[in-house]
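Below: the structure, in structure tokens.
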Amino acid sequence: MNQRVLFILVFLLLVFSSSSLAEIVLITDLENPVSEISTLDAKNIFLGKRRSWADGSMLIPVTQVDRAATDQFSRKYLNMSVAQYNLYWRQMLFTGTGLPPLAVADDAAMKKMVATKLGAIGYISASSLDATVKKLEIR
Amino acid sequence: MRVLLVLLLALLLCLIPVSLWAVDLGKVQVNGFLSQGYMKSQHNAFLDPGSKDGTFDINEFGITVNAPVSEKLRVGMQLLSRDLGEEGNNDIELDWAFGDYRFNDWFGVRAGKVKMPIGLYNESRDSDFLRAMAFLPQSIYDEARRSFLVAGVGGGLYGNVALAEAGDFDYKLFYGQIDIPTDTYLVQESIEKPLSKHFNNNYDITLTDLNYHPDYTFAGALVYNPPLEGLRLGFSWFRTMGEWEAKSYGNQLLTIDANIKSLFVVSAEYICPDFSLHVEYMQRDNDVKIPEGTPYETTVSEGGYLMATYPVPQMEGLSVSAMYDVFYLDKDNHNGSSSNPKEIGWRKDLAVGVRYDFNENWLVKAEWHTVDGAAPNMDFYNEGPLDEDWSYYIFKTSFNF
């Protein structure tokens with residue numbers, strides 16, 4: 001009996017943890033030939049270490065002001081809380097070593113920004129995904 | 001009076017909505033910060049001769065301007081006003097100012113006044129809100145020697161090199177000069193006192209004037225970011241050379257070499273949403289030659305620390321930290337028998353602290369340190385005999401926009 005309960009608890013934990021991690025997806029503009037990136041690439045892009053796509057064109061990371069969305073994103077792709085992620089960029093800003101990415105209000109603003117800015121990359125919840133932007137698969 | 005003004009300004013800034021402060025002049029970003037602390041020490045004075053009575057002389061103001069000129073060129077500067085005991089006195093100084101041209105991800109150049117990449121945190125040492133405790137660990141980021149280590153005028157290279165599945169590494173190189181201002185407390189305290197008091201020798205000379213002529217400074221840092229998210233491993237090396245031109249009574253001119261011949265720091269940091277761990281170790285070779293023509297006296301100091309920070313999940317914004325920080329003036333002599341007084345030969349600082357972030361712009365900190373030993377340089381702040389066992393606590397608040 002106890003083993004069953006334990007199994008169910010572990011299962012629920014795995015289901016909920018994986019479903020919560022799956023809610024955020026990376027997006028780019030429709031004209032971008034890139035369709036998939038690695039988690040490491042995503043990390044380096046949003047930490048300002050990688051600034052161009054493979055073809056040399058300019059990479060424009062975009063973040064959300066929405067704290068919950070950014071927290072989900074940063075935990076999934078950067079292994080940081082939103083507070084740690086913001087602190088990282090403040091350190092870059094106040095030492096002159098980097099400027100934080102553009103930030104937009106929410107999913108709707110993110111889709112609008114990414115759809116109109118060539119080379120942009122951002123994140124939205126999977127439920128907000130539509131045909132105006134392209135989902136980037138994680139390899 | 002200045003302290004009162006600082007406190008009033010801090011209160012005013014905390015009351016005004018943050019949105020009114022953020023300044024975005026087109027592509028130019030203007031940001032800033034201020035902090036104010038209160039420190040009280042028991043048994044020994046620390047960083048401020050008046051700290052045993054309690055001191056408000058701990059504050060920093062900074063205004064930072066960043067402006068992208070083109071896709072690859074960026075310029076920026078930071079003005080800093082700080083007070084720490086007898087240091088700074090809220091004079092406004094240029095903290096850093098440089099142009100940055102990034103050719104690609106793995107190669108960029110910077111020129112101007114640049115912060116030194118010593119350890120993982122020297123470049124951000126003046127921004128209180130970037131760290132868990134009021135001061136960075138003193139074994140490596142010694143506040144008394146800040147002017148010797150913080151920034152130099154020159155140029156450097158930097159970049160991030162991808163290593164495919166093995167992660168990537170960041171590198172930084174700097175070559176230039178660090179000009180040590182003569183109003184630094186350690187310099188001022190070296191005047192009108194026998195040299196033997198501070199240089200642990202028998203020179204029967206009392207200086208009346210002291211000026212620094214920098215020769216060159218080199219700094220290099222390598223930080224490896226392995227595939228394990230949140231882990232950083234670093235190595236940095238620093239050297240600064242120059243001459244002190246001194247005058248003693250009777251206007252006798254004297255040249256003193258007092259250089260950091262080699263300073264290396266090995267660093268590791270692990271940050272994840274649930275906690276962060278920081279550990280660093282350093283060795284510093286100090287060369288002193290008084291006067292010219294005599295052999296160098298070399299002292300190799302060592303130190304390091306372990307710090308852990310835990311964000312309390314039940315209360316967003318609250319984090320607790322613990323730190324153990326150790327420094328030995330002479331790495332081959334940990335009991336102080338080669339130092340005079342012997343208490344300046346070591347220092348072991350055990351600290352606990354809490355930090356509460358009301359929001360992303362405003363925070364408060366409180367911490368308590370219990371310390372064994374009085375290194376480095378605490379004889380400069382204390383006239384009488386030093387106590388081996390002492391303690392201090394700090395309250396500090398910071399605001400940034």
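In the text below, chain A, chain B and the rest are named by the order of the sequence lines, each starting its count at 1. Treat the numbers as computed from the prediction; the structure is a model and nothing was measured.
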Using side-chain heavy atoms (C-beta onward) and a distance below 4.5 Å, is [X] in contact with [Y]?
X: B/Asn104; Y: A/Ser52; answer: no
X: B/Glu165; Y: A/Leu40; answer: no
X: B/Asn400; Y: A/Arg90; answer: yes
X: A/Lys49; Y: B/Asp168; answer: yes

Which atom of [X] lies closest to which atom of [Y], heavy atoms considered:
X: B/Arg355; Y: A/Leu87; answer: NH2-CD1, 4.3 Å
X: A/Phe94; Y: B/Asn31; answer: CZ-CB, 3.7 Å
X: A/Ser81; Y: B/Pro273; answer: N-CG, 3.9 Å
X: A/Asn79; Y: B/Glu229; answer: ND2-O, 3.3 Å

Query raised in the report: Judged by atom type as modelled, is there a donor-acceptor pair below 3.5 Å linking the side chain of A/Arg50 to the main-chain atoms of B/Ala162?
Result: no
Query raised in the report: So, does A/Gln84 use its side chain to make a donor-acceptor pair with the main chain of B/Cys272 at under 3.5 Å?
Result: yes
Query - Atom CG of B/Leu157: over 12 foreign heavy atoms under 6.0 Å - result: yes
Query raised in the report: If you draw a 6.0 Å radius around NZ in A/Lys134, do more than 12 non-hydrogen atoms from other residues or ligands fall strictly inside?
Result: yes
By a 4.5 Å heavy-atom criterion (distance strictly below it), what part of [X] contacts chain B: side chain, backbone, both, or neither?
X: A/Asn44; value: side chain
X: A/Lys43; value: side chain
X: A/Leu93; value: both
X: A/Ser38; value: neither

Query - B/Glu316/A/Arg67 salt bridge by N-O under 4.0 Å criterion - result: yes
Checking [X] against chain A: side chain, backbone, both or neither under 4.5 Å from a heavy atom?
X: B/Phe129; result: both
X: B/Ala67; result: neither
X: B/Glu71; result: both
X: B/Ser124; result: both
X: B/Asp105; result: both

Do you know which of [options] has the most heavy-atom pairs with chain A at a distance under 4.5 angstrom?
options: B/Asp126, B/Thr64, B/Leu130, B/Val75; value: B/Leu130
options: B/Glu360, B/Arg110, B/Gln78; value: B/Glu360
options: B/Asp100, B/Asp357, B/Asp170, B/Val114; value: B/Asp170
options: B/Met77, B/Glu123, B/Arg102; value: B/Arg102

Query raised in the report: Which distance, rounded to the nearest 0.5 Å, do you find between the OG1 of A/Thr95 and the CG of B/Asn122?
Result: 11.0 Å
Report summary line: When rounded to the nearest 0.5 Å, the distance separating CG of A/Leu78 from CD1 of B/Ile271 is 11.5 Å
